[in-house]
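Computed from a prediction, not measured in an experiment: that's the story for all the values here. Order of the sequence lines sets the chain letters (A, B, ...), proteins ahead of strands, with each chain counted from 1.
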Number of protein chains: 2
Amino acid sequence: MTNIRDLAKMAGVSVTTVSRVLNNHPYVSEEKRNAVFDAIKQSNYQQNINAVHLSMGKTFLIGVVVPFIEHPYFYLLIKGMSVEALENNYKLVLIQTNYMESRELEAMQMLKQKQIDALIICSRKCDWQTIEEYLPYGPIILCEDTRGKNVPSTFVDHYKAFLFAFDYLFQKGHRKIGYCIGRRSGTNSKQREMAFKEFTANHHLPYEHDYIFNHCLHFEDGEQVIHRITQMIDPPTALLVTNDDVAAGIVMCAQNRNLSIPGDLAIIGFNNQPIAKMMNITTIEIPLVDIGRKLFQHAIRQNSKIVYDEIPVKLIERKTV
Amino acid sequence: MTNIRDLAKMAGVSVTTVSRVLNNHPYVSEEKRNAVFDAIKQSNYQQNINAVHLSMGKTFLIGVVVPFIEHPYFYLLIKGMSVEALENNYKLVLIQTNYMESRELEAMQMLKQKQIDALIICSRKCDWQTIEEYLPYGPIILCEDTRGKNVPSTFVDHYKAFLFAFDYLFQKGHRKIGYCIGRRSGTNSKQREMAFKEFTANHHLPYEHDYIFNHCLHFEDGEQVIHRITQMIDPPTALLVTNDDVAAGIVMCAQNRNLSIPGDLAIIGFNNQPIAKMMNITTIEIPLVDIGRKLFQHAIRQNSKIVYDEIPVKLIERKTV
DNA sequence: TTGTAAGCGTTATCAA
DNA sequence: TTGATAACGCTTACAA
């Protein structure tokens, strides 16, 4: 492997001059520039990017922490980041945690070790304190409401969104409303639970634990929901479902069981994924790809001013309410 | 930032000794080892991993080329790779190409520049020659049949799989069989087309171009398929669908249009995704997560012997044929 | 406009 | 068991 020094020798110039040519810096005579180019061609030279990184203290790598990838919430976020990464000449390093804290720590370790320039945490298990501990080592961006904390974020106010959706259903006459989430202990889900408490309290409705359906991630999880509902003595008449795949699964299963939607059960999905459009599911649009892009932009932003980027959501009325 | 030299000074030992302690090498007295540990604690020292990489000529990063991530074929492959990456202490660098050749080249450039130790190409646009050109710079692994070529791979013989599925449908009495694919120009789809030609020729059936449905990637694409079929004068009576999401979409749409499945239209999906089980779709199981793992193993395998890793598939009979 | 030389933070060789 | 010191391949003051 020929290196920059060999190149300099071949071209009869200094290493600095080669470096200037390589990086398109000014102050190189046409003559020498060409000499360098010739040498590059002859030698089939290739920069060792690690050396560049070591020298510059930067890798153009952004770490992305996700629990898993096989879920629209995460792969749509990643999709958005990918677009932005491409445009800014960065690459994404994927860190799949499966919600194991040790892997989240590993990711932060990478930041500390300077293997990545910044870290985007899409969802986490670890506590706030841990994150703060790693803050000095580089930008950490979160996809959750961090207002009041010293970490930039792009997020949806799920408390607000849920309250809005509950009210909408209430106006439509529903009094027994439940919801489906992926992971009860998540930060976002805690906000949703707060909204649920607030809503039921405001309207003097009972706070029904049974109306909360956990572990709803994919289309096929809709089956469990319908199954449980049909077994209930006093089932909910409306459901907020935090992703459209699950909503679609619910709608499909309901059909098979002759449960009328929205007659017997009203459904509001989330995300406005293509499947919601196709199946005519009323949904709350969350621009996940866009959120991914913005998360990434935070990650590479130079100015150290912390930005909390709340993303508004929008109700798309279709046929399931 | 304190570095290894500072550490050496603090501990009153040489840089070499510090390095030995850091890497758990033998030949360090307990006394000096402890001195180093103390220094590490006091200084809050953190290795700069880029320096390590430069020195070792290795990054423990594996590049993964996918056109996009929001598709089970790709996210399940990635999922498998992630598992393996974790176990072997590697990280995955995601390169989303959207089938732009320039991005594929960029990925191979990363290999040449030694930013990644190996490259896994899950699907590609570029031609074979381009890949061969980059072969000298590091391991490139493909997820397609590379037998006879000098590149390791893990793959499904889609020619064989299709032929098998066609025969199965033929035995069930079908004479008008079509299929749905994601991208007609892909290597795998070309194999499938060959199988289709072979099958129709063998059984003296007409080779119907109309029976090939392109651009079928997601659940919602099933709608188009059903739409086109209902418009046909002489529609197929059975369909091979290269992914279960699309198969599910087809089944669901058919229900809505009072098309009986399998009465009017038999369906065989691919992958055996959870949705296929839930919707009782007959499918050809392809262990994508496993394939992802094996692809990764090739990528980090030391021995230079080229391995072609054909993965067998399995018919899962359910209710759509 | 050019070049020398000092980093960047490690690992690895070799002599002691 | 230890430690100088030379790589690794690049960028960037600073001097000329």
| request: On DNA chain C, check which nucleotide each of A:Glu30 and A:Ala51 is closest to and give me the residue with the more 5' one. | output: A:Glu30
| request: Scan B:Glu31 against the nucleic acid and name what it touches under 4.0 Å (heavy atoms): base, sugar-phosphate only, or nothing. | output: nothing
| message | Any side-chain N or O of B:Gln46 below 4.0 angstrom from OP1/OP2 of C:dG9? | response | no
| said: Can you confirm whether A:Leu94 sits close enough to A:Ile69 that some side-chain heavy atom of one is under 4.5 Å from a side-chain heavy atom of the other? | reply: yes
| task | May I ask you to say whether B:Arg293 pairs ionically with B:Glu84, meaning some side-chain N is under 4.0 Å from a carboxylate O? | result | yes
| message | Can you identify which nucleotide, out of C:dA12, C:dC8, C:dT11, has its nearest atom closest to the A:Leu54 side chain? | response | C:dC8
| message | Closer than 4.0 angstrom, basic N to acidic O: yes or no for A:Glu106 and B:Lys91? | response | yes
| task | Would you mind classifying the nucleic acid contact of B:Thr17 as base, sugar-phosphate or nothing, using non-hydrogen atoms under 4.0 angstrom? | result | sugar-phosphate
| query | Picking from C:dG3, C:dG7, C:dC14, which would you name as closest to the side chain of B:Arg20? | reply | C:dC14
| remark: Within residues 3-15 of chain A, the residues having a heavy atom closer than 4.0 Å to DNA chain C are A:Val13, A:Ser14
| message | Within the 4.0 Å heavy-atom criterion, would you say A:Asn50 contacts the bases, only the backbone, or no part of the nucleic acid? | response | nothing
| field | Test side chain to side chain donor-acceptor pair (under 3.5 Å) applied to B:Ser123 and B:Tyr99, step by step | value | CA-CA 8 Å; B:Ser123 187; B:Tyr99 283 129; 2.6 Å; yes
| message | Are A:Glu144 and A:Gln191 packed together at the side-chain level, in the sense that at least one heavy-atom pair is separated by less than 4.5 angstrom? | response | no
| note | Taken to the nearest whole Å, NZ/B:Lys58 to P/C:dA12 is 12 Å
| Closest-nucleotide 5' rank along DNA chain D - winner of B:Val28 and B:Ser55 | B:Val28
| field | Interatomic distance, A:Gln113 CD vs C:dT10 C1' [rounded to whole Å] | value | 12 Å
| task | Nearest whole angstrom, please: distance from the C1' of C:dG3 to the CG of A:Leu22. | result | 16 Å
| task | Please check if the distance between the ring centroids of A:Tyr90 and A:Phe296 is under 6.0 Å. | result | yes
| field | Any donor-acceptor pair under 3.5 Å from B:Asp6 side chain to B:Asn3 backbone | value | yes
| task | Answer with base, sugar-phosphate or nothing: what part of the nucleic acid does A:Ser29 contact at a heavy-atom distance below 4.0 Å? | result | sugar-phosphate
| query | chain B on DNA chain D: first and last contacting nucleotide, 5' to 3', under 4.0 Å to a heavy atom? | reply | D:dT1 to D:dG9
| request: Before accepting this row, confirm whether a basic side-chain N of the pair B:Glu310/B:Arg147 lies closer than 4.0 Å to the acidic partner's carboxylate O. | output: yes
| field | Whole-Å distance separating the NZ atom of B:Lys114 from the C1' atom of C:dT10 | value | 18 Å
| query | Quick one: is B:Tyr45 getting a side-chain N or O under 4.0 Å of the C:dT10 phosphate, OP1 or OP2? | reply | yes
| said: Measuring only between side-chain heavy atoms, which start at C-beta, is B:Val36 closer than 4.5 Å to B:Val13? | reply: yes
